[in-house]
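No experiment lies behind these values; they were computed from the predicted model shown. Side chains included, hydrogens not; waters and symmetry mates left out as well; all remaining heavy atoms used. Residue numbering restarts at 1 for every chain, and letters A, B, ... go by the order of the sequence lines.
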Amino acid sequence: MFDENLIERIESEEPLPREFYAKNVVIVSQNLLGKILVRVDNEKILAGRIVEVEAYDGEDDPASHAYKGMTERNKVMWDFPGKVYVYTIYGIHYCLNIVAEPKGVPAAVLIRALQPLVGIREMMKNRNIKDVRNLTNGPARLTKALNITKDLNGVDATLKSELYVVRDILGKKFEIGVSTRIGITRGKEKPWRFYIRNNPFTSKKEVR
DNA sequence: CTGTCGATCTACT
DNA sequence: GTAGATCGACAGG
């Protein structure tokens, strides 16, 4: 089966190395498009292709959690690049980020949408829905589908453990779309949302 | 299809 | 005390 083959291929991959993340957060965001997010949830593999991201910088970015300095919640943003930052939003959802820039420079990439690849049945169970198109097309939807909670905050995505990222094994060409970020009240003007164009799994329909 | 609104609670003021 | 990197239900066209 298509799915089986993909699991083997994904499992044979090594996670992207630390250097991948130790760059400018906007560059890292764009580079993450097309990469495969892998979740190992008690022996089960859940995976999806990253199709939409947003960059959140540190001190200069009023929309960033790091804008007002380090707190208990956001401290992982100052940690090694490649670390996972998960936080609770609106009391009921989780959002997944991956830390970028060298250690000590706060920044993170919000993963906003995935194209489901492996473990789709399991994801649908986690979300309790039937329509694949709405499975992982939103930051809090994908965390629920992949069973990502605050327990994973601080996990190192450069290690092959319960959450990591591998290279783009599909290798399909794509165009990158750009827009302003969604759902924020400050820093609205920065064009730091990036997505794979003509992909049905982004969180928002493309405006032509 | 679009827009509006309530849910729900943690982290920070 | 309250805003918030969202979602789902529902109303209306």
Side-chain angles (χ1 to χ4, degrees), chain A residues 21 24-30 32-33 37 48 50-79 81 83-101 105-116 123-155 157 163 165 176-196 200-208:
Chain A
Y21 301 101
N24 175 274
V25 65
V26 173
I27 304 293
V28 175
S29 300
Q30 294 168 339
L32 272 172
L33 289 176
L37 181 70
I50 297 172
V51 300
E52 180 182 345
V53 296
E54 281 174 2
Y56 287 85
D57 205 352
E59 274 86 12
D60 326 321
D61 180 5
S64 172
H65 286 175
Y67 184 56
K68 291 180 180 170
M70 193 186 291
T71 66
E72 189 54 35
R73 175 177 68 165
N74 67 17
K75 63 183 181 191
V76 70
M77 291 180 76
W78 279 260
D79 205 336
K83 289 262 188 166
V84 164
Y85 173 40
V86 184
Y87 64 89
T88 314
I89 185 69
Y90 297 109
I92 38 194
H93 304 298
Y94 297 108
C95 287
L96 169 68
N97 299 252
I98 303 185
V99 174
E101 308 266 355
V105 182
V109 179
L110 172 69
I111 311 296
R112 283 197 60 90
L114 301 174
Q115 174 179 349
M123 294 188 211
M124 300 223 258
K125 246 183 4 192
N126 290 341
R127 290 259 295 128
N128 194 22
I129 60 163
K130 296 175 185 158
D131 191 345
V132 187
R133 288 171 302 179
N134 289 330
L135 191 52
T136 52
N137 59 343
R141 289 174 175 170
L142 71 91
T143 53
K144 185 150 194 210
L146 299 195
N147 192 25
I148 293 167
T149 69
K150 266 176 51 172
D151 294 350
L152 294 182
N153 189 44
V155 161
L163 187 66
V165 183
I176 297 181
V178 182
S179 82
T180 52
R181 294 172 293 180
I182 294 176
I184 55 173
T185 54
R186 293 162 304 177
K188 279 181 171 162
E189 70 296 340
K190 292 183 192 296
W192 284 358
R193 170 173 173 257
F194 306 102
Y195 56 95
I196 293 183
F201 297 99
T202 50
S203 71
K204 205 179 151 196
K205 245 196 300 184
E206 271 187 66
V207 262
R208 291 251 93 179

S.K.: Pairs in or reaching into residues 86-99 of chain A: which pass side chain to side chain donor-acceptor pair (under 3.5 Å), with residues at least two apart or in two chains?
M.R.: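 The answer is none; no pair qualifies.
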S.K.: Is the backbone of A/G187 close enough, under 3.5 Å, to the side chain of A/R181 for a donor and an acceptor to pair up by distance?
M.R.: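 Yes.
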S.K.: Between the base of B/dA11 and the side chain of A/Y87, is there a donor-acceptor distance below 3.5 Å?
M.R.: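 Counting by modelled atom types and ignoring angles, no donor-acceptor contact under 3.5 Å is found here.
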S.K.: For nucleotides 7-13 of chain C, just jot down a letter per nucleotide in 5' to 3' order: B, S or -, based on protein non-hydrogen atoms under 4.0 Å.
M.R.: SS-----
S.K.: Find the distance A/R73:CZ to B/dC9:C1' and express it as a whole number of Å.
M.R.: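 Distance, rounded to whole Å: 12 Å.
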S.K.: Looking for any heavy atom pair under 4.0 Å, which part of the strands does A/K150 touch: base, sugar-phosphate only, or nothing?
M.R.: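 Contact class for A/K150: sugar-phosphate only.
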S.K.: Just to be sure I understand the rule, does A/R181 reach a base, reach only the sugar-phosphate, or reach nothing, if contact means heavy atoms closer than 4.0 Å?
M.R.: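 Nothing: the residue A/R181, judged by heavy atoms under 4.0 Å, touches no strand.
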S.K.: Rounded off to whole Å, could you give me the CD1-to-P distance for the A/I182 and C/dA5 pair?
M.R.: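 These atoms are roughly 13 Å apart.
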S.K.: Do A/N137 and A/R133 meet the criterion of a side-chain donor-acceptor pair at a distance under 3.5 Å?
M.R.: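 No, no side-chain donor-acceptor pair sits under 3.5 Å.
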S.K.: Can you tell me which stems DNA chain C forms, taking runs of 3 or more consecutive Watson-Crick or G-U pairs with both distances under 3.5 Å?
M.R.: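 Ordered by first number, the stems with DNA chain C (at least 3 consecutive pairs each) read B:1-7 with C:6-12, B:9-12 with C:1-4.
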S.K.: Rounded to whole angstrom units, what separation is found between the NZ atom of A/K204 and the P atom of B/dG3?
M.R.: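 Result: 11 Å.
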S.K.: Applying ring pair (Phe, Tyr, Trp, His ring centres under 6.0 Å), name anything that partners A/Y67, two or more places apart in sequence or on another chain.
M.R.: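 By the ring pair (Phe, Tyr, Trp, His ring centres under 6.0 Å) rule, A/Y67 matches no residue at all.
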S.K.: Tabulated below should be each protein N or O lying under 3.5 Å from an N or O of nucleotides 2-4 of chain C; please produce it.
M.R.:
| from | atom 1 | to | atom 2 | distance (Å) |
| --- | --- | --- | --- | --- |
| C/dG4 | OP1 | A/T185 | OG1 | 3.3 |

S.K.: Once side chain to side chain contact (heavy atoms under 4.5 Å, CB included) is applied, do any residues pair with A/D79, and if so which ones, sequence neighbours excluded?
M.R.: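 Side chain to side chain contact (heavy atoms under 4.5 Å, CB included) check on A/D79 returns A/V76, A/K83, A/K103.
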S.K.: Taking any heavy-atom pair under 4.0 Å as a contact, classify A/I184: base, sugar-phosphate, or nothing.
M.R.: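 Sugar-phosphate contact only.
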